[in-house]
Amino acid sequence: QVQLVESGGGLVQAGGSLRLSCAASGRTLSSYIMGWFRQAPGKEREFVAVMSRSGTITYYSDSMKGRFTISRDNAKNTVYLQMNSLKPEDTAVYYCAADGGLRVSRTVQEYDYWGQGTQVTVSS
């Protein structure tokens, strides 16, 4: 079992940047495919980005491609989400999640473990 704790959220103006971190404990992060998701008020949780165990495979939601970058440091047991050119519509609670399966997935139900989330608010 792995425990995940996100940090790095906050309030930023449109066009700004934030870097989210997700620290894992309990098991090594290299055992999992890692994803980021977000959930805005009144909306379903949606896929943001995913990275394979080795870091060689990444996928992004189309609306975030080119602006967000997922990375991982297995030695530090941490995964990151660099968010640039932020827009007010990026406002949401951001969650990291761990998937013990075989293939990278964009589906919420595929993920086994979740962090508590970190709030990102982008002002216009």
Side-chain angles (χ1 to χ4, degrees):
Q1 192 168 355
V2 64
Q3 293 78 42
L4 304 172
V5 178
E6 302 95 337
S7 60
L11 175 63
V12 63
Q13 288 188 334
S17 299
L18 283 174
R19 188 195 196 201
L20 305 183
S21 299
C22 173
S25 61
R27 287 195 66 179
T28 58
L29 210 58
S30 58
S31 300
Y32 298 96
I33 296 163
M34 295 301 298
W36 285 96
F37 293 77
R38 70 185 187 184
Q39 189 166 17
K43 295 188 176 181
E44 293 187 351
R45 194 166 297 189
E46 66 170 341
F47 168 75
V48 174
V50 61
M51 176 172 274
S52 62
R53 290 176 175 84
S54 64
T56 56
I57 299 172
T58 57
Y59 293 120
Y60 296 91
S61 173
D62 286 344
S63 64
M64 297 142 212
K65 199 176 297 182
R67 300 190 298 124
F68 291 10
T69 304
I70 187 172
S71 61
R72 64 193 297 163
D73 187 336
N74 286 338
K76 293 184 178 180
N77 242 22
T78 302
V79 64
Y80 305 97
L81 184 68
Q82 177 68 42
M83 305 186 296
N84 299 327
S85 302
L86 283 162
K87 306 173 182 180
E89 51 264 43
D90 293 319
T91 295
V93 177
Y94 284 72
Y95 299 89
C96 70
D99 177 6
L102 298 177
R103 298 183 182 88
V104 294
S105 172
R106 298 175 173 89
T107 306
V108 169
Q109 290 78 8
E110 293 293 324
Y111 286 77
D112 304 302
Y113 304 102
W114 293 82
Q116 83 290 348
T118 185
Q119 176 71 47
V120 171
T121 304
V122 184
S123 63
S124 57

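Owing to the predicted nature of the structure, the values given are computational and were not obtained by experimental measurement. Scope of the values below: all heavy atoms of this structure, side chains included, with no hydrogens, waters or symmetry mates. Position 1 is the first residue of the sequence, and the numbers go up from there.
Hydrophobic clustering, defined by side-chain heavy atoms of Ile, Leu, Val, Met, Phe, Trp and Tyr closer than 4.5 Å, leaves Y80 isolated from every other such residue.
For R38, the salt bridge (Lys or Arg N to Asp or Glu O under 4.0 Å) partners are E46, D90, not counting sequence neighbours. Partners of S71 by side chain to side chain donor-acceptor pair (under 3.5 Å), not counting sequence neighbours: none found. Under the side chain to side chain donor-acceptor pair (under 3.5 Å) criterion, S31 pairs with T28, not counting sequence neighbours. Applying the ring pair (Phe, Tyr, Trp, His ring centres under 6.0 Å) test to F37 and every residue at least two apart in sequence or in another chain returns F47, Y111, W114. Checked against side-chain contact (heavy atoms from CB on, under 4.5 Å), A49 has the following partners two or more places apart in sequence or in another chain: Y60, I70, L81. The salt bridge (Lys or Arg N to Asp or Glu O under 4.0 Å) test applied to K65 returns D62, not counting sequence neighbours. Shown here are the ring pair (Phe, Tyr, Trp, His ring centres under 6.0 Å) partners of Y113, two or more places apart in sequence or in another chain: Y32. Under the rule for a side-chain contact (heavy atoms from CB on, under 4.5 Å), the partners of T56 that lie at least two apart in sequence or sit in another chain are S52, S54.
Summarising the geometry, atom SG belonging to C96 is positioned 4.0 Å from atom CD belonging to E6; distances are rounded to the nearest 0.5 Å. Separating the CD atom in Q39 from the CD atom in Q119 is a distance of 11.0 Å, to the nearest 0.5 Å. Atom-to-atom distance recorded for M83:CE and W36:CH2 is 8.0 Å, nearest 0.5 angstrom.
Between the side chain of Q1 and the backbone N or O of R27, no donor-acceptor pair lies under 3.5 Å. Remark: side-chain polar atoms of T91 are paired, donor with acceptor, to backbone N or O of V122 under 3.5 angstrom.
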Less than 3.5 Å apart, which donor and acceptor atoms pair up between the side chains of residues 97-107 and the rest of the protein, not counting sequence neighbours?
unit_1	atom_1	unit_2	atom_2	d
D99	OD1	G101	N	2.7
S105	OG	T107	N	3.0

Give the table of side-chain donor-acceptor pairs shorter than 3.5 Å for residues 9-22, with sequence neighbours excluded, one pair per line with atom names and distance.
unit_1	atom_1	unit_2	atom_2	d
S17	OG	N84	OD1	2.9

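Here the shortest heavy-atom pairing between V93 and G117 reads CG1-CA, 3.8 Å.
For the salt bridge (charged side-chain N to carboxylate O under 4.0 Å, His left out) condition, no pair includes a residue of residues 70-89, sequence neighbours left out.
Between M34 and L29 the shortest side-chain heavy-atom distance falls below 4.5 Å.
Both L4 and M51 are part of a single hydrophobic cluster, where members link through side-chain heavy atoms under 4.5 Å apart.
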